[in-house]
Amino acid sequence: MSEENTRKRKGDSFDELEIDLNASVPLSKKQKRLAKKGKLEEEPAPKVATVQESEQKPRSKYGVWIGNLSFDTTKEDLVRFLLAKSSIQEEEITRVNIPKKGNQIKGFAYVDVKNEEQVEQLVSVSEQNLNGRNLLIKNATSFEGRPEKVESKLPPSRILFVGNLSFDTTEDNLREHFQHCGDIVRIRMATFQDTGKCKGFAFIDFKSEEGAITAMNSKVAKLMLNRKLRLEYGEDRSKRRPKSHMREEAVEKPETTFDVEVKPPPKKQYRERPHPQVREKSSVALASAQRASAAIVPSSGKKIKFD
């Protein structure tokens, strides 16, 4: 390496780069080709960084949840509605968050204000109409009225139903996936008769109810082979009372007595059916039958003549 280059690197300082955010976006290769041919209609507009995009406002502890929004509702529509229906000023609204899925909103929003009194004012605006729909406004920290999450229709048991399985699932996959929940006694997986592959569901018998309860509460157990499983408690048939106990209870139960004499119903009288006559076989009947004569029989009639 020459001495001049080393001297330049040690002594010289690099100049700072200045970037103009309001400058126009450079043309792409396709746009340059169209510009040469004169087919480019409009130049791309310069991208201006707005305050809303660059700065994320912090979340306040005072806020409301607004539901039942129309899918074409915008942030400006919601702010204009709240300002018109309450005495809150625009500066007092610190944050407006409308979650979206793609280009469409999800139907609810969060609005933050500065104090608890302003929250009560917004809650009082509930059931007012915006874009053809009555809004539901609640305190963001209140969870009243939400339905309880139902995990299973049956009470807890040691039997676990597993649904939405892949057709390539095997018993070894199920045993390996649920073995951390508890001791597994048996795995009953529904399979096709022709291929032997899984039909999409199975029953896992744990040694105790704790294994099934652990699997229901585990987030790891609900995802298998990139599929979200459907877990429910199954019916434990071993807890069923046999029918013999029901008969014993019926015998031990005292019978109720009545003053009225109850006569038993008369027994049905059945007529004896006559025995069907046994027909002889065709060969025996023909052997004992009287045979006709093979000779010519003379006529025995009278001949009548007409004039």
Side-chain angles (χ1 to χ4, degrees), residues 59 61 63-69 97 99-102 104-110 136 138-255:
R59 184 174 179 179
K61 62 178 180 179
V64 294
W65 176 87
I66 303 176
N68 200 30
L69 288 173
N97 179 22
K100 291 185 178 181
K101 186 177 182 181
Q104 194 177 44
I105 68 173
K106 293 184 178 181
F108 61 92
Y110 294 95
L136 176 61
K138 298 172 59 177
N139 194 324
T141 59
S142 175
F143 300 97
E144 296 179 0
R146 293 191 181 182
E148 296 181 359
K149 191 175 181 181
V150 180
E151 293 290 343
S152 180
K153 298 178 182 179
L154 297 175
S157 66
R158 64 182 188 86
I159 310 298
L160 182 68
F161 170 81
V162 185
N164 197 30
L165 290 171
S166 172
F167 293 148
D168 298 328
T169 306
T170 61
E171 292 187 7
D172 295 337
N173 297 142
L174 290 171
R175 190 177 298 276
E176 183 180 356
H177 187 72
F178 289 96
Q179 64 182 358
H180 71 280
C181 300
D183 296 335
I184 298 175
V185 178
R186 184 177 56 165
I187 295 178
R188 295 169 291 159
M189 187 175 66
T191 57
F192 293 100
Q193 293 183 357
D194 52 353
T195 60
K197 288 190 173 183
C198 177
K199 284 186 176 181
F201 65 94
F203 292 91
I204 301 177
D205 299 357
F206 287 93
K207 192 173 182 180
S208 62
E209 292 183 0
E210 296 179 357
I213 295 173
T214 304
M216 290 287 291
N217 298 330
S218 175
K219 294 182 179 180
V220 180
K222 294 181 180 180
L223 188 65
M224 178 179 177
L225 299 178
N226 296 328
R227 295 175 69 93
K228 190 176 181 180
L229 304 182
R230 184 167 65 90
L231 304 181
E232 291 184 6
Y233 293 117
E235 183 181 2
D236 191 359
R237 297 184 179 180
S238 62
K239 291 185 178 181
R240 286 184 177 180
R241 300 190 68 182
K243 294 182 179 180
S244 59
H245 290 279
M246 298 174 64
R247 292 175 184 175
E248 291 176 2
E249 290 180 359
V251 173
E252 293 175 359
K253 188 176 180 180
E255 297 181 356

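For the single chain, residues carry numbers from 1 onward in sequence order.
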For the residue pair [X] and [Y], establish whether any side-chain heavy-atom pair is separated by less than 4.5 Å.
| X | Y | result |
| --- | --- | --- |
| Thr169 | Met224 | yes |
| Leu160 | Phe178 | yes |
| Pro156 | Met216 | no |
| Arg188 | Ile159 | yes |
| Phe108 | Ile66 | no |

TODO: Count the heavy atoms belonging to other residues, nucleotides or ligands that lie under 6.0 Å from CG of Asn226, then report whether that count exceeds 12.
DONE: no
- [ ] Using the side chain to side chain contact (heavy atoms under 4.5 Å, CB included) rule, take Asp205 and Ile187 through it: C-alpha gap first, then chi angles, then the decisive distance, then the call.
- [x] CA-CA 6 Å; Asp205 299 357; Ile187 295 178; over 6 Å; no
TODO: Please report the C-alpha distance between Val64 and Tyr110 in whole Å, then the side-chain angles of each, then the deciding distance to 0.1 Å, and finally whether the side chain to side chain contact (heavy atoms under 4.5 Å, CB included) criterion is met.
DONE: CA-CA 6 Å; Val64 294; Tyr110 294 95; over 6 Å; no
TODO: For Asp168, enumerate each residue passing the side chain to side chain contact (heavy atoms under 4.5 Å, CB included) test, keeping only those at least two apart in sequence or located in another chain.
DONE: Ser166, Lys197
Task: Those residues that, when tested against Leu136, pass side chain to side chain contact (heavy atoms under 4.5 Å, CB included) (two or more places apart) - done: Trp65, Ser126, Glu127, Lys138
- [ ] Indicate yes or no for a side-chain donor-acceptor contact from Ser157 to the backbone of Glu235 under 3.5 Å, with no hydrogens or angles considered.
- [x] no
Qualifying residues under side chain to side chain donor-acceptor pair (under 3.5 Å), relative to [X], sequence neighbours excluded:
| X | value |
| --- | --- |
| Asn97 | none |
| Arg230 | Glu232 |
| Asp183 | none |
| Thr170 | Asn173 |

For the atom pair [atom1] ([X]) and [atom2] ([Y]), what is the distance rounded to the nearest 0.5 Å?
| X | Y | atom1 | atom2 | value |
| --- | --- | --- | --- | --- |
| His180 | Thr214 | NE2 | OG1 | 8.0 Å |
| Lys222 | Lys228 | NZ | NZ | 8.0 Å |
| Phe161 | Leu229 | CZ | CG | 10.5 Å |

How close do [X] and [Y] get, heavy atom to heavy atom, and via which atoms?
| X | Y | answer |
| --- | --- | --- |
| Leu223 | His177 | O-CE1, 3.0 Å |
| Ala221 | Leu231 | O-CD1, 4.3 Å |
| Ala109 | Pro99 | CA-CD, 4.2 Å |
| Tyr233 | Pro155 | CB-O, 3.5 Å |

